[in-house]
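Everything numeric in this text was worked out from a predicted model, so none of it was measured. What you see below is based on every heavy atom in this structure, not just the backbone, and it leaves out hydrogens, waters and symmetry mates.
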Amino acid sequence: MNIYKSRIFIVMVMAALLLAACGSGGDKESTKASGGGAEQTYELKLGHIAPPDHIWNKAAEKLGEELEKRSNGRMKVDLYPGGQLGSDSDMVQQLETGSLDIAFITNAFLTSKSDAFSAWFAPYLFGSYEEAFEASNSDVAKKILATLDDQGLKAMDYFFSGHRTMMFREKIETPDEMKGLTMRVTPSPALEDWYRSLGVNPESISLPDVYQSAQTGVIDGMEMDLDAAITSNFNEVTGYGALTNHMVWPAVMIINKKRFEDMSEDDQKIIEESMAVASEYATMQRASQEEEFKKTLEDRGMELYDIDTALFKPHMKEFDKKYKEMDPLIKEFIETFRK
């Protein structure tokens, strides 16, 4: 009888241990599912429209490295460069629905989501990458990011991939000579208004179609940064480059808002810090390449030259007046940084 009781006792102890083990495993799985614990792992899907050899993709790779390092391997990024997931518009829709976690979106597209982003296109506002990067950390720049909060998007940070230049099939040296030209301009009301003020007919043509449009004479020129001109060989179809540097070219790092808010505070901090590192890395890396890119284009046969900034001042005033009246954040931004 004692032996029988002992056996029952052993069975009961083993059952209790088994139940405890199952309960412990269930709690751990619950923590993972809730996204609130240190055991949470992430496979984050990131898309952008730039080619794999563009600074945007280097920024994406840097972000992935930082996230993996700072999370001890819990956060990994799957990259989809070169428009594999569609256009800016397509990816923003995917962000809104949650089928995409992170995207780098052009500031130009975001002007269609929030007028406030047009502030970045105030002409001749910044003289260098360093000035633009410093401005991106200002209170007003952060308030502009926050205008997307009610759209299921969490705009986290900016980075800069170039100053805007003007590239032509024939040499153009003054704003007056631009009147009547047809130029490819990235779709954005602010950009299109700037060119209309110069007497230019702005055409919205997707980036993959720009080369052929210039080659066949559908357009007389384009607004472009040096990086994209090199990676897309636009020097072959526009032999003249005016280094106007009239606008900086921000990209915005955006994450699905629900995805971000479901993370623990520690994991949110990892995202924020990693994006800040990737932003500075990409911006300063691009700044260091400016002279190299000029030399590359000149070696390929493109003639690069300057246009006197003073010739654009009447058009700058026209832009400032119109856009400061459009949105108080634009007014604050321009008045903060216009020298």
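No side-chain heavy atom of Val77 sits under 4.5 Å from any side-chain heavy atom of Glu43. Side chains of Asn107 and Phe121 form a contact here, defined as non-hydrogen atoms less than 4.5 Å apart. Between Ile105 and Lys113 there is no side-chain heavy-atom pair separated by less than 4.5 Å. Counting heavy atoms from C-beta outward, Ile254 and Met156 have side chains that stay 4.5 Å or more apart. Between Thr111 and Pro189 the shortest side-chain heavy-atom distance falls below 4.5 Å. Using a 4.5 Å heavy-atom cutoff, the side chains of Phe117 and Ser112 are not in contact. Using a 4.5 Å heavy-atom threshold, the side chains of Val218 and Thr182 count as separate. Residues Phe333 and Lys143 are not in side-chain contact: their nearest non-hydrogen atoms beyond the backbone lie 4.5 Å or more apart.
Remark: Lys258 does not engage Glu261 in a salt bridge, criterion side-chain N to carboxylate O under 4.0 Å. Look at Glu272 and Arg70 and you find no salt bridge, because none of the NZ, NE, NH1 or NH2 atoms lies under 4.0 Å from a carboxylate O. Under the 4.0 Å criterion applied to side-chain N and carboxylate O atoms, Lys322 and Glu318 are not assigned as salt-bridge partners. With respect to the salt-bridge test (charged N to carboxylate O, under 4.0 angstrom), the residues Lys324 and Glu332 do not qualify. By the 4.0 Å N-to-carboxylate-O rule, Glu290 lies too far from Lys294 to be salt-bridged with it. Taking the charged nitrogens against the carboxylate oxygens, Arg196 and Asp193 do have a contact shorter than 4.0 Å, which makes a salt bridge. A salt bridge links Lys179 with Asp176: the closest approach of a Lys/Arg side-chain nitrogen to an acidic carboxylate oxygen falls below 4.0 angstrom. Salt bridge annotation for Lys45-Asp101: absent, with no cationic side-chain nitrogen under 4.0 angstrom from a carboxylate oxygen. Taking the charged nitrogens against the carboxylate oxygens, Lys331 and Asp320 have no contact shorter than 4.0 Å, which rules out a salt bridge.
Lys76 pairs by the salt bridge (Lys or Arg N to Asp or Glu O under 4.0 Å) definition with Glu68, not counting sequence neighbours. Scored by the side chain to side chain contact (heavy atoms under 4.5 Å, CB included) test, Ala251 finds Trp56, Phe159 as partners (sequence neighbours excluded). Considering only residues two or more places apart in sequence or on other chains, Glu223 meets the salt bridge (Lys or Arg N to Asp or Glu O under 4.0 Å) condition with Arg164. In terms of the side chain to side chain contact (heavy atoms under 4.5 Å, CB included) criterion, residue partners of Thr309 (sequence neighbours excluded) are, by chain and number, Tyr124. Applying the side-chain hydrogen bond (donor to acceptor under 3.5 Å, both in side chains) criterion to Lys171, with sequence neighbours excluded, gives Glu303.
Using a distance-only test at 3.5 Å, with no hydrogens or angles considered, a donor-acceptor pair links the side chain of Gln94 to the main chain of Leu85. A distance-only check finds a donor-acceptor pair linking the side chain of Tyr158 to the backbone of Ala141 [under 3.5 Å]. At least one donor-acceptor pair closer than 3.5 Å links the side chain of Arg184 to the backbone N or O of Ile205. No donor-acceptor pair closer than 3.5 Å links the side chain of Ser274 to the backbone N or O of Ile271. For the pair Asn256 (side chain) and Leu95 (backbone), a donor-acceptor distance under 3.5 Å is present. No donor-acceptor pair under 3.5 Å is formed between the side chain of Arg169 and the backbone N or O of Asp220. No donor-acceptor pair closer than 3.5 Å links the side chain of Glu66 to the backbone N or O of Met275.
The hydrophobic cluster containing Leu226 does not contain Phe168, counting ILVMFWY residues as joined when their side-chain heavy atoms lie under 4.5 angstrom apart, directly or transitively. No single ILVMFWY cluster, assembled from side-chain heavy atoms under 4.5 Å apart, contains both Leu243 and Val185. If you chain together hydrophobic residues whose side chains sit under 4.5 Å apart, Met253 and Val248 fall into the same group. Met166 and Leu311 fall within a single hydrophobic cluster, where Ile, Leu, Val, Met, Phe, Trp and Tyr are joined by side-chain heavy atoms under 4.5 Å apart, directly or via other members. Taken together through direct or relayed side-chain contacts under 4.5 Å among Ile, Leu, Val, Met, Phe, Trp and Tyr, Ile307 and Phe126 form parts of separate hydrophobic clusters.
One side chain, Asp88 or Thr106, offers a donor N or O that lies under 3.5 Å from an acceptor on the other. Side-chain contact, Asp299 with Thr296: no donor N or O sits under 3.5 Å from an acceptor N or O. Between Asp115 and Ser118, the side chains place no donor N or O within less than 3.5 Å of an acceptor N or O (distance only, hydrogens not considered). Inspection of the Gln285 and Lys58 side chains reveals no N or O donor paired with an N or O acceptor under 3.5 Å. Residues Glu192 and Ser204 bring a donor and an acceptor atom of their side chains to less than 3.5 Å of each other.
Less than 6.0 angstrom separates the ring centroid of Phe319 from the ring centroid of Tyr323. Ring-centre distance between His163 and Tyr129: below the 6.0 Å cut-off. Within the 6.0 Å centre-distance limit, the rings of Phe160 and Trp120 are counted as a close aromatic pair.
Environment of CD in Glu134: sparse, with no more than 12 heavy atoms of neighbouring residues, nucleotides or ligands closer than 6.0 Å. Heavy-atom neighbours of Gln212 CD from other residues, nucleotides or ligands within 6.0 Å: at or below the threshold of 12. Other residues, nucleotides and ligands place no more than 12 heavy atoms under 6.0 Å from the CD atom of Glu170. Residue-environment remark: CD (Glu203) exceeds the threshold of 12 foreign heavy atoms within 6.0 Å.
Within the structure, no pair that satisfies the ring pair (Phe, Tyr, Trp, His ring centres under 6.0 Å) test touches residues 76-99, not counting sequence neighbours.
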